Amino acid sequence: MEKLIYLDNAATTALKPEVFEAMKPYFLENYSNPNSIYTFAQQSKKAVDEARETIAALIGAKPNEIYFTAGGSESDNWAIKGCAEAFASKGKHMITTKIEHHAVLHTCEYLEKKGVEVTYLDVDEDGRISLEQLEQAIRPDTFLISIMFANNEIGTIEPVREIGAIAKKHGVLFHTDAVQAFGHVPVQVDELNIDMLSASAHKFHGPKGVGFFYMRNSVKLGAYLHGGAQERSKRAGTTNVPGIVGMAKAAQLAVDGMEENSKKIAAVRDHLIERVLAEVPFSRLNGHREQRLPNNANFCFRFIEGESLLIMLDQKGICASSGSACTSGSLDPSHVLLAIGLPHEIAHGSLRLTLSEETTMEDVDTVADSLKAIVERLRSMSPLYEDFVKNQ
Ligand SMILES: *Cc1c(COP(=O)(O)O)cnc(C)c1O
């Protein structure tokens, strides 16, 4: 088989060998529970403390504002359910968008059944919210604004600083799902007026099943998991020492290499975009052209089923996705593509290609060549396309 071309880095990333090496001693040599009293446990306690300091420093937070979780979904659940519970007396209204990850959307839908009112903001054709609409949506009983930093399907980056400023002006808390952003674009919580933030290690070349939740010290949410006194008694459960150590190592590497890598990745990505738009007829790029994650390309191909495209790319050793990993398998078109105004039949023919620093120009040339051939072949079998050509 040909070399595998992995272009699904928004779904998960490869663990870096340095990250694995950093984790290894905490599996094999020092497997201690950092909460234990004996000397053997001091090394793992120290490693977890240092990981907390590392991550805090990378986002401009204090170490005691970082809570380790099992990933992005848990952090999102904590922020939203935690606020709904803590501020139940202040109000029962929150604001989010139509393009959030399901970890946010399904949590909001769950809370709606319990009486919380949720405003789902529209986005424009590039996937950006309107700041005016956001400000107009704020009510005296609004307890939370939860808006993602960058979208996992189309890569659009939201105007986070301005959102934070509006939230602050109205005294409303601001949570951002930064799972796609952290480690890929600069994230500083004070500069951007962020009160709570979710991140996940496996989206920046760290291990799966570990993430962090940033909660500003002035925000006082209750415990999310009840049990032991871990994570300042807010998130019980024996500490995932290797996972946390690996996440901190991956975070440091990602932020240290960000400037150089994002330029390199964006150049390869832009070459891919140019070739696809120029060489595949009736193709379109989804998402904002500039305010966009450096590694994201998302296309629509008219008269094509996204699923067939994925299967044929897979036969050539190319890993891609239509929409998000969580929704593929279902035939519903992506809620994000519908929110940016694409009609159902076009939203069905979407393809998300997300690169890493390992992706080469040759890789994306292979992908562009394959796409051209596959789209042509699929269209040659499509009665819709035949009708379209006849009527032209
Ligand atoms: C992947 C992802 C999540 C979920 O993170 P997990 O660590 O897999 O639970 C949440 N939000 C966004 C935007 C994501 O891309």
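Computation of the quantities below employed the complete heavy-atom set of this structure, encompassing side-chain atoms and omitting hydrogens, waters and symmetry-equivalent molecules. In each ligand, atom 1 is the first atom listed, and ligand 1 is the first ligand listed. Note that this is a predicted model, so its numbers are computed, not measured.
Geometrically, Arg235 does not engage Tyr67 in a cation-pi contact defined by less than 6.0 Å to the ring centre and at most 45° from the axis. Taking the ring axis of Phe388 as reference, the NZ or CZ atom of Arg379 does not stay both within 45° of it and closer than 6.0 Å to the ring centre.
Across Ile55, Asn240, Val19, a single residue satisfies side-chain contact (heavy atoms from CB on, under 4.5 Å) together with Met247, and that is Ile55.
Within ligand 1, counting atoms from 1 as listed, the ones closer than 4.0 Å to a heavy atom of Ser200 are 6 (P), 7 (O). Near Val179, meaning under 4.0 Å from any of its heavy atoms, are these atoms of ligand 1: 1 (C), 2 (C), 3 (C), 10 (C), 11 (N), 12 (C), 14 (C), 15 (O). For ligand 1 and Lys203, the ligand atoms under 4.0 Å from any heavy atom of the residue are 1 (C), 2 (C), 3 (C), 14 (C), 15 (O). With ligand atoms numbered from 1 in the order given, ligand 1 contributes 7 (O) to contacts under 4.0 Å with heavy atoms of Gly71.
Of all the heavy atoms of His202, the ones lying under 4.0 Å from any atom of ligand 1 belong exclusively to the side chain.
Among the atoms of Gly72, some N or O lies under 3.5 angstrom from an N or O of ligand 1. Here's the thing with Ser73: one of its N/O atoms is less than 3.5 angstrom from an N/O atom of ligand 1.
Among all non-hydrogen protein atoms, the one lying nearest atom 11 (N) of ligand 1 is Asp177 OD2, 2.7 Å.
Within the 4.5 Å cutoff, side-chain heavy atoms of Arg292 are placed close to those of Arg269. Using a 4.5 Å cut-off on side-chain heavy atoms (C-beta onward), Asp190 and Arg216 make contact. When side chains are defined from C-beta on, Leu121 does not count as touching Ser130, because their heavy atoms never get closer than 4.5 Å.
Taking all atoms of both residues into account, the shortest heavy-atom contact from Leu309 to Phe301 is CD2-CD1, 3.6 Å.
Here atom 3 (C) of ligand 1 lies nearest to His101 when heavy atoms of His101, Gln180, Lys208, His102 are compared.
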